[in-house]
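Below is one structure; the comments refer to it alone.
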Protein chains: 2
Amino acid sequence: MRVSLKDVAAHAGVSIKTVSNVVNNYQHVTPAMRERVQRSIDALGYQPNLAARHLRKGRTGIIALALPELGNPYFAELTASVIDAASQHDYIVLLDHTGGSRDQELLVSQGFRARVIDGLILSPIELRTEDLRDRDQDVPLVLLGERDYDLPYDHIAIDNVAAARDAVRHLIELGRREVAFIGARRDRSEPAQLRVRGWREELTAAGLRADEGLVAAVDGWGHADGARAMRHILDSGRRPDAVFAYNDPMAIGAMRVLHERGLRVPEDIAVVGFDDVIEGRFGAVTLTSVSPDKAAIGRLAVESVLARLGDNAPAPRRIWADYQLVERESTLGRPGAATP
Amino acid sequence: MRVSLKDVAAHAGVSIKTVSNVVNNYQHVTPAMRERVQRSIDALGYQPNLAARHLRKGRTGIIALALPELGNPYFAELTASVIDAASQHDYIVLLDHTGGSRDQELLVSQGFRARVIDGLILSPIELRTEDLRDRDQDVPLVLLGERDYDLPYDHIAIDNVAAARDAVRHLIELGRREVAFIGARRDRSEPAQLRVRGWREELTAAGLRADEGLVAAVDGWGHADGARAMRHILDSGRRPDAVFAYNDPMAIGAMRVLHERGLRVPEDIAVVGFDDVIEGRFGAVTLTSVSPDKAAIGRLAVESVLARLGDNAPAPRRIWADYQLVERESTLGRPGAATP
DNA sequence: CACGGCGTGTATAACGTTGTAAAACTTGAG
DNA sequence: CTCAAGTTTTACAACGTTATACACGCCGTG
């Protein structure tokens with residue numbers, strides 16, 4: 001049988017509210033009383049009933065984190081950092097996965113889970129800007145990943161265009177001239193578009209041709225999709241000297257195909273990924289990658305959501321998180337050069 | 001402002017309970033009344049307040065899934081299958097990560113989150129059998145991963161000893177004679193011990209020596225730990241012709257070290273992992289691995305927890321999930337043979 | 001010595017829902 | 001037309017918590 005405030009109150013010979021005051025660290029309680037009540041609490045092993053507390057306060061103490069897929073280790077690491085940040089504010093994280101489908105993302109953003117959660121952190125892939133524009137929900141929403149247009153929600157993202165440009169510039173500086181992009185999306189997912197744009201801008205800025213024939217569209221974001229895209233490019237007779245992939249799993253899938261075709265990385269083709277997942281550090285050829293500051297992103301996301309819970313919610317902001325390009329074996333040296 | 005049963009009742013001109021009856025599909029409601037109330041519900045956009053419902057019914061509709069780490073894709077896939085299974089029963093999944101530390105696992109099992117959840121699925125690593133023996137909680141608990149002793153909780157696991165034996169037998173059948181084990185744990189984690197036992201039993205059964213000098217203990221379960229263990233074995237002057245790793249990330253970490261040392265996989269050293277994560281299918285050398293039926297494990301776990309919620313809870317059972325050994329390049333061919 | 005003021009503790013009323021029991025209707029038989 | 005038996009609807013009391021408003025001491029001050 002669960003013990004309630006009432007039981008503790010009876011045991012200590014005080015009123016229910018006094019016990020509540022002790023539990024909530026209300027200030028006007030004499031030390032003597034506090035200790036007496038605390039003794040009863042300990043004796044009975046009282047634990048507050050959250051459902052009741054939430055009913056009364058109108059808060060649940062739960063925030064939801066909705067991600068496209070858990071399989072990508074990037075999101076796993078992000079999740080860990082969100083959980084850590086949330087628990088520092090006595091919040092609990094409810095995990096949802098959308099599969100990256102627009103329908104699911106819409107459902108989640110429209111408050112599918114709204115009745116249980118105080119706030120939502122959503123990392124959309126296919127969701128359109130207009131989908132969010134007429135969102136009718138009082139549950140605070142924070143978006144992860146850059147969006148193109150302004151929306152009345154906090155965005156937390158790294159600068160995708162700039163990061164993509166950095167990656168491509170790195171390839172160009174190595175002497176690469178034909179840089180393929182793997183991971184454009186047929187459905188025009190916004191984050192993918194931004195990275196394609198960075199790719200295009202940087203090539204153009206360097207006086208090179210942004211050859212759209214070297215952009216491979218895909219349907220998913222996993223290893224297999226990267227492999228498929230790489231095969232598609234090679235089968236079309238193209239022979240780029242560098243590949244920039246939408247994310248690390250796709251880059252790794254692409255490298256596998258290059259390996260199967262007898263092409264050497266980086267001598268024949270240099271490869272850069274995105275997200276810097278742990279896996280990229282342990283392949284036969286370690287992977288150069290854009291490394292977002294995941295810990296910061298998780299922390300900022302949680303803080304942004306919680307800040308919106310109070311009455312004095314700040315204006316929606318676009319928050320830029322840090323990133324850096326981590327160079328590894330997959331871009332070591334100039335074309336044709338043997339690995340050191 | 002949120003709309004409650006009271007508002008709907010006022011709008012429809014009926015009592016609160018009648019609205020509640022309609023919402024809950026109570027049988028004794030005339031079709032006319034049902035429609036009239038439904039119209040008001042739709043008009044006002046009523047959504048039930050779960051906190052209140054839970055307070056009243058004593059259930060929260062949330063189960064927790066506590067995992068050692070999210071970074072391992074095995075757990076990510078498992079999580080996805082648990083979420084899917086739970087949502088089929090209108091349940092929501094709260095995710096927790098223990099970091100695989102005994103303290104955290106203890107905390108979780110003792111009901112750290114108990115006030116919010118109806119049931120708990122725990123995948124322990126370091127937790128001892130005796131830690132669970134005096135668990136004092138009314139929240140149903142289901143354990144993932146094999147435990148050695150009998151406990152009054154449902155276990156869902158594949159047969160670790162048998163699976164390990166299958167893996168080692170496969171290596172022996174390939175003509176390997178010196179099989180190392182990577183991933184024993186200094187802290188005597190039970191799952192790791194079972195796999196070591198399988199390794200030992202199979203070698204002995206084949207008339208080979210189970211050389212304890214080829215068992216490498218580690219502190220973690222990631223790529224880096226596998227790499228460290230592999231280095232340790234090689235640096236000690238040993239030169240096994242096969243490696244069986246506790247899990248895929250460790251196997252991949254080990255393969256990276258073999259690559260760095262100029263040892264060929266599988267010609268010089270064959271490698272078998274455990275868990276069959278997607279990553280193992282896209283390395284330069286694809287990884288042979290023990291593949292547990294993750295979908296079944298997730299489904300069984302959810303069903304077991306929910307079955308314990310009712311009054312007629314079944315007796316605790318040990319449920320065996322299926323697995324199979326998936327052979328890939330890392331064990332292709334006999335020692336010294338060139339890859340086909 | 002009375003009085004305001006402050007610090008401490010207490011009844012009571014919510015929060016929104018569902019279970020119980022009883023009231024208000026139907027229906028059909030006598 | 002009455003009454004019993006059944007069906008539908010309602011009033012009310014929980015569930016366990018916190019906010020509000022108030023009562024009670026105690027203190028220092030006029």
Side-chain angles (χ1 to χ4, degrees), chain A residues 1-41 44-62 90 114-118 138 309-311, chain B residues 1-41 44-62 90 111 114-118 138 309 311:
Chain A
M1 197 47 208
R2 282 283 272 273
V3 16
S4 75
L5 282 185
K6 192 155 82 175
D7 305 319
V8 179
H11 184 273
V14 297
S15 82
I16 293 178
K17 187 64 215 295
T18 300
V19 182
S20 169
N21 286 340
V22 171
V23 171
N24 292 286
N25 271 316
Y26 182 68
Q27 50 179 350
H28 296 304
V29 182
T30 54
M33 178 60 90
R34 188 178 298 274
E35 200 199 347
R36 173 171 150 210
V37 171
Q38 188 60 51
R39 222 188 294 277
S40 293
I41 290 178
L44 298 179
Y46 166 77
Q47 286 199 321
N49 177 320
L50 292 203
R53 177 176 288 176
H54 297 157
L55 170 60
R56 182 63 239 231
K57 298 184 65 152
R59 296 267 177 82
T60 66
I62 300 178
D90 287 322
R115 298 161 307 175
V116 212
I117 62 176
D118 289 345
D138 45 356
L309 288 180
D311 292 330
Chain B
M1 200 44 210
R2 283 281 273 272
V3 15
S4 74
L5 283 184
K6 192 155 81 174
D7 305 319
V8 179
H11 184 271
V14 296
S15 81
I16 292 177
K17 188 65 215 295
T18 301
V19 182
S20 169
N21 286 340
V22 171
V23 171
N24 292 286
N25 272 315
Y26 182 68
Q27 51 177 352
H28 296 302
V29 182
T30 55
M33 176 61 91
R34 188 179 300 273
E35 201 200 345
R36 174 171 147 211
V37 170
Q38 189 60 52
R39 223 189 294 276
S40 294
I41 289 178
L44 298 179
Y46 166 77
Q47 286 199 321
N49 177 319
L50 291 202
R53 179 176 285 175
H54 296 157
L55 171 60
R56 183 63 237 236
K57 300 184 92 157
R59 295 270 176 80
T60 66
I62 300 178
D90 288 323
R115 300 161 304 176
V116 213
I117 62 176
D118 289 345
D138 45 357
L309 288 181
D311 293 329

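Numbers restart at 1 for each chain; the letters A, B, ... are given by sequence-line order, proteins then strands. As the structure is a prediction and not an experimental result, all values here were calculated from the model.
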Of A/K6 and B/S15, the one whose closest DNA chain D nucleotide lies more 5': B/S15

5' precedence on DNA chain D between B/K57 and B/Q27 (nearest-nucleotide basis): B/Q27

On a heavy-atom basis, which atom in [X] and which in [Y] lie closest, and how many Å separate them?
X: B/L44; Y: B/D7; answer: CD1-O, 3.7 Å
X: A/R34; Y: A/Q27; answer: NH2-O, 4.1 Å
X: B/G45; Y: B/V3; answer: O-CG1, 4.0 Å

Under 4.0 Å, heavy atoms only, any strand: does [X] hit a base, just the sugar-phosphate, or nothing?
X: A/S4; result: sugar-phosphate
X: A/N24; result: sugar-phosphate
X: B/T18; result: base
X: A/Y26; result: nothing
X: A/V23; result: nothing

Gap between atoms [atom1] and [atom2], on [X] and [N] respectively (whole Å):
X: A/R59; N: D/dT17; atom1: CZ; atom2: C1'; result: 16 Å
X: B/L50; N: C/dG16; atom1: CG; atom2: P; result: 13 Å
X: B/I16; N: D/dC15; atom1: CD1; atom2: P; result: 18 Å
X: A/I41; N: D/dT17; atom1: CD1; atom2: P; result: 10 Å
X: A/H28; N: C/dC6; atom1: NE2; atom2: C1'; result: 9 Å
X: B/R36; N: D/dT9; atom1: CZ; atom2: C1'; result: 11 Å
X: B/L55; N: D/dA13; atom1: CG; atom2: C1'; result: 13 Å
X: A/E35; N: C/dG9; atom1: CD; atom2: P; result: 13 Å

A/R56 vs D/dA19: side-chain N/O to OP1/OP2 distance below 4.0 Å: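 Indeed not, no polar side-chain atom of A/R56 lies that close.
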
N/O (side chain, B/S20) to phosphate O (OP1/OP2, C/dT17) under 4.0 Å: no

Polar pair under 3.5 Å, donor/acceptor by atom type, side chain B/K17, base C/dG19: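 Donor-acceptor pair under 3.5 Å: yes.
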
Rounded distance (nearest 0.5 Å) linking atom CG of B/L50 with atom CZ of B/R59: 14.5 Å

Sub-4.5 Å side-chain heavy-atom contact between A/N21 and A/K17: yes

